[in-house]
Chemist: 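One structure, as structure tokens, below. Some questions next.
The figures here come from the full heavy-atom set of this structure, side chains too, leaving out hydrogens, waters and symmetry mates. Here is how names work: the chains are called A, B, and so on, in the same order as the sequence lines, proteins then strands, and each is numbered from 1.
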Amino acid sequence: MKQLLIGNAAVARGLYEAGVKVVSSYPGTPSTEITEFAAKYDEIYCEWAPNEKVATEVAFGASLAGARSACAMKHVGLNVAADPLFTMSYTGVRAGMVICVADDPAMHSSQNEQDSRHYAIAAKVPMLEPADSAEAYSFAKAAFDLSERFDTPVMMRTCTRIAHCQSIVETGERIDKDLLPYEKQPAKYIMMPGYAKKKHPVVEERTKALSEFAENCEFNKVFYAYNSEIGIITSGTCYQYVKEVFGDSVSVFKIGLINPLPIKSLIDFASRVKRLIVVEELDPIIETHLRNIGLNPEGKNLFSNIGEFSQKDIKKILLDKQEATVCADSVIPNRPPVMCPGCPHRGIYYVLAKLKLTVLGDIGCYTLGATPPLNALDSTLCMGASVSGIHGFNKARGSESEGKTVCVIGDSTFMHSGMTGLVNISYNASNSVVIILDNSITGMTGHQQNPTTGYNIKGDPAAKVNLEKLCNSLGINRVRVVDPYNLEECEKAVKEELKAEEPSVIISRRPCMLLKYVKAKPALKVESDKCRSCKSCMKLGCPAISMKNGKAVIDATQCVGCAVCEQLCHFDAIKEGGEI
Amino acid sequence: MKTVNIMIVGVGGQGSLLASKLLGHLLLSQGYDVKVSEVHGMSQRGGSVVTYVRYGDKVYSPLVSEGEADFIISFEKLEAARHAPMLKAGGQIVVNTQQIDPMPVITGAAEYPQDVLSELESKGVKIDAIDALTLAKQAGSVKAVNIVLMGRLSKYFPFEKEKWIQSIEETVAPKFVEMNKKAFLLGRGE
């Protein structure tokens with residue numbers, strides 16, 4: 001059946017048809033929907049794990065048990081999963097296993113634009129790279145045969161423009177795979193030095209065999225143009241941009257198996273063209289390989305290693321052509337993303353900004369608290385780094401910083417990798433204040449359940465981690481819960497905990513306003529005769545409030561009646577009764 | 001045929017994903033090769049969002065670059081102006097006249113440019129401005145702005161009205177179908 005599918009849905013379909021039985025992942029843009037779509041198939045057991053390392057190890061366990069398995073993550077999630085990855089390269093698999101990783105060139109929703117291809121090379125595992133949804137589907141399916149044939153986990157790399165682009169896919173039927181019998185094989189699966197030393201040469205031999213396989217494999221495609229001197233080597237979404245500009249007028253070596261890269265067939269391709277060009281986003285992985293095998297292509301001397309490309313870049317750089325454009329003369333103000341109206345993070349951030357605290361931040365919607373007018377954050381590094389970081393910050397500056405520094409971390413991020421940092425705070429005794437922004441969902445990635453929400457990926461009731469008891473158990477005696485819609489309560493709690501002579505946790509708890517079960521209250525309005533234009537309410541950075549003709553106004557189509565602004569109005573001008 | 005390039009632009013949360021889903025569904029049913037690129041994650045939170053829809057005999061790139069768009073459908077005035085450089089010569093903008101202040105305007109760090117649409121018109125840009133918010137309210141929900149705009153866009157395409165309506169029926173949740181059909185027809189001016 002012909003369908004229009006985003007790359008992630010196509011990957012999920014490929015997993016399904018390959019007979020996958022277990023998928024475990026942690027959400028991360030742009031990889032999230034792989035697992036969400038996989039969860040729609042009853043034949044696949046799917047779950048949200050607390051982090052990518054756990055997810056990858058779950059998939060490993062399932063493979064060991066004889067079931068085809070997969071996990072999915074964003075590029076930075078692969079950093080977390082790197083530990084099992086590198087040694088799974090040694091153990092290999094029992095049933096096929098695929099690790100899907102989605103890169104984010106241009107950082108549409110990420111903190112860096114690292115290139116996951118380095119991991120495949122470093123871990124010595126094969127990596128596939130599809131160029132559209134049809135390939136995302138067929139490569140995902142074929143990856144399991146590759147995994148079983150070469151006894152290795154297989155990585156599948158996509159990027160935002162593959163993961164979130166819909167194109168046409170012709171789907172097939174699921175092949176049900178029986179569980180392989182479990183056999184105890186200590187020398188294969190116990191990676192202690194005695195056994196691991198024997199496995200390393202096996203990995204090196206496997207890479208040689210895969211390099212040989214790469215010469216004529218189904219994943220790489222070569223096209224020779226009639227009478228063309230130009231030969232382009234490319235992969236993934238860049239292939240589409242090259243074809244968009246050149247059609248069939250240049251020769252193209254399209255790489256689908258990005259690691260290991262072939263040698264003979266690339267040398268052969270290079271020998272048939274006069275001008276050899278590599279088009280690849282981010283780092284010069286293909287280009288470096290070509291240099292290593294004695295070729296001298298053009299590549300990063302022409303194209304940037306920063307951001308993503310489009311057909312425009314190819315046209316401009318290789319053909320020196322640009323389309324004519326029109327633009328307005330007026331300056332167009334930026335429209336950065338903002339916290340939503342009624343976002344529970346806004347109230348607590350207002351308090352932190354008002355108290356002029358140093359705030360170590362973390363990864364999630366609440367990173368948006370860094371933007372004006374709240375400007376409430378001092379750092380954002382990676383998942384969990386706020387909790388570990390504040391400990392180091394306070395150890396370095398001692399009592400001078402302890403009374404005026406806090407960290408903020410979301411409920412899902414705390415489960416992902418904040419807990420270990422908190423153990424460190426209690427064990428190594430820093431007088432730190434950790435604020436858990438518990439909005440009862442994994443927000444930024446589009447509302448995934450997590451261990452604190454009480455529901456699993458299918459929306460069925462599940463065990464619910466009690467954050468208060470958890471923090472107590474991790475050695476924190478002072479744990480309190482506040483409602484971020486109540487500014488007075490928040491301010492009191494923050495001040496008291498900063499004064500306390502021991503570490504503490506404040507749980508700022510209110511569900512995300514966008515959750516279906518959270519009902520908006522009637523919109524508020526500003527009684528303009530009472531408004532004195534003091535702009536106190538504007539300090540919240542609520543997108544529903546703006547100044548019109550010198551008075552504050554509330555956009556009733558956006559307002560959800562959280563009434564945080566009402567608490568800031570000194571003149572009692574904000575009332576119920578906003579009309580759409 | 002030459003590939004047709006459509007951009008759907010607006011403010012995160014305005015419902016551009018449904019609009020692109022509807023367009024993709026319709027174009028697929030007409031037998032075209034289609035690519036639709038969506039935006040997920042951070043920019044969905046009130047930021048400037050862009051969706052590209054391309055169709056033709058064979059579509060390679062999922063993206064539309066500067067000077068290539070045949071149509072820009074904008075859910076908000078300022079966003080139309082922001083993406084005007086994407087329009088090809090002779091291209092058409094369909095824009096909802098709603099104004100949504102971005103945060104730099106709210107905080108006073110920047111000004112919302114007035115008359116930015118007439119500014120573009122004076123440079124020869126074809127602009128079809130429509131108060132989609134009012135029409136959406138008439139249809140029954142402010143959330144139907146996306147389908148009102150699809151209704152207006154449909155006037156520029158050779159596909160039969162019934163095909164559009166069939167796509168609405170097949171992409172929208174059943175309980176919202178009637179309201180969205182109404183929104184679509186209001187957008188068409190029917």
Chemist: Answer yes or no: is there a donor N or O on one side and an acceptor on the other, between the side chain of Lys123(B) and the main chain of Cys327(A), under 3.5 Å?
Modeler: yes

Chemist: Working to the nearest 0.5 Å, report the span between CD of Gln99(B) and CG of Asp555(A).
Modeler: 10.5 Å

Chemist: Using heavy-atom distances under 4.5 Å, tell me whether Gln3(A) contacts chain B through its side chain, its backbone, both, or neither.
Modeler: backbone

Chemist: Below 4.5 Å from any heavy atom of chain B, which atoms of Lys315(A) appear? Answer side chain, backbone, both or neither.
Modeler: side chain

Chemist: Before you tell me yes or no, could you show the steps for Leu4(A) and His25(B) under side-chain contact (heavy atoms from CB on, under 4.5 Å), namely the whole-Å CA-CA distance, both residues' side-chain angles and the distance that decides it to 0.1 Å?
Modeler: CA-CA 7 Å; Leu4(A) 205 47; His25(B) 185 273; over 6 Å; no

Chemist: Can you name the nearest heavy-atom pair linking Lys548(A) to Asp101(B), along with the distance?
Modeler: NZ-OD2, 3.3 Å

Chemist: Consider only side-chain N and O atoms of Gln311(A) and Ser61(B), and report whether a donor and an acceptor are under 3.5 Å apart.
Modeler: yes

Chemist: Which bit of Tyr55(B) is near chain A, if near means a heavy-atom gap under 4.5 Å: side chain, backbone, both or neither?
Modeler: neither

Chemist: Checking Pro543(A) against chain B: side chain, backbone, both or neither under 4.5 Å from a heavy atom?
Modeler: both

Chemist: Do the side chain of Glu119(B) and the main chain of Asp329(A) share a donor and acceptor less than 3.5 angstrom apart?
Modeler: yes

Chemist: Select one option (side chain, backbone, both, neither) describing which atoms of Val242(A) are under 4.5 Å from chain B's heavy atoms.
Modeler: neither

Chemist: Go through the atoms of Leu120(B) and report whether side chain, backbone, both or neither lie under 4.5 Å from a heavy atom of chain A.
Modeler: side chain

Chemist: Using non-hydrogen atoms and a 4.5 Å limit, figure out which bit of Ala324(A) sits close to chain B: side chain, backbone, both or neither.
Modeler: backbone

Chemist: Examine whether an atom of Cys340(A) lies under 4.5 Å from a heavy atom of chain B, and if so say whether it belongs to the side chain, the backbone or both; otherwise answer neither.
Modeler: side chain

Chemist: Show your working on salt bridge (Lys or Arg N to Asp or Glu O under 4.0 Å) between Lys35(B) and Glu244(A) and close with a plain yes or no.
Modeler: CA-CA 13 Å; Lys35(B) 283 194 175 168; Glu244(A) 182 73 35; over 6 Å; no

Chemist: So which part of Cys542(A) gets closer than 4.5 Å to some heavy atom of chain B, the side chain, the backbone, both or neither?
Modeler: backbone

Chemist: For Val125(B), is it the side chain, the backbone, both, or neither that has a heavy atom closer than 4.5 Å to a heavy atom of chain A?
Modeler: side chain

Chemist: May I ask you to check whether over 12 heavy atoms, not counting those of Glu121(B), lie within 6.0 Å of atom CD?
Modeler: yes

Chemist: Please find the pair of heavy atoms, one from Tyr60(B) and one from Lys243(A), that lie closest to each other, and give the distance.
Modeler: CD2-CB, 3.4 Å

Chemist: Please state whether the side chain, the backbone, both or neither of Ile162(A) comes within less than 4.5 Å of a heavy atom of chain B.
Modeler: neither

Chemist: Compare all side-chain heavy atoms of Ile106(B) with those of Met538(A) and state whether any distance is below 4.5 angstrom.
Modeler: yes

Chemist: Which distance, rounded to the nearest 0.5 Å, do you find between the CG of Asn334(A) and the CE of Met103(B)?
Modeler: 13.0 Å

Chemist: Hey, mind stepping through Glu66(B) and Lys312(A) against side-chain contact (heavy atoms from CB on, under 4.5 Å) and telling me if it holds?
Modeler: CA-CA 7 Å; Glu66(B) 280 88 341; Lys312(A) 180 186 76 172; 3.0 Å; yes

Chemist: Go through the steps to decide whether Ile100(B) and Arg335(A) satisfy the test side-chain contact (heavy atoms from CB on, under 4.5 Å), and finish with yes or no.
Modeler: CA-CA 10 Å; Ile100(B) 301 174; Arg335(A) 190 184 298 276; 3.9 Å; yes

Chemist: Using heavy-atom distances under 4.5 Å, tell me whether Met547(A) contacts chain B through its side chain, its backbone, both, or neither.
Modeler: neither

Chemist: Which one, Glu76(B), His83(B), Lys21(B), leads in non-hydrogen pairs under 4.5 Å with chain A?
Modeler: Glu76(B)

Chemist: Please indicate whether Lys2(B) has more than 12 foreign heavy atoms, meaning atoms of other residues, nucleotides or ligands, lying under 6.0 Å from its NZ.
Modeler: no

Chemist: Do Ile332(A) and Val116(B) have side-chain heavy atoms sitting under 4.5 Å apart?
Modeler: yes

Chemist: Counting C-beta onward and ignoring hydrogens, is there a side-chain heavy-atom pair between Pro113(B) and Pro333(A) closer than 4.5 Å?
Modeler: yes

Chemist: Considering all heavy atoms of both residues, which atom of Tyr241(A) and which atom of Leu63(B) are nearest to each other, and what is their separation?
Modeler: OH-CD1, 3.2 Å

Chemist: Do other residues, nucleotides or ligands put more than 12 heavy atoms under 6.0 Å from Glu579(A) CD?
Modeler: no

Chemist: Could you look at Asp313(A) and say if it's the side chain, the backbone, both or neither that has a heavy atom under 4.5 Å from chain B?
Modeler: neither

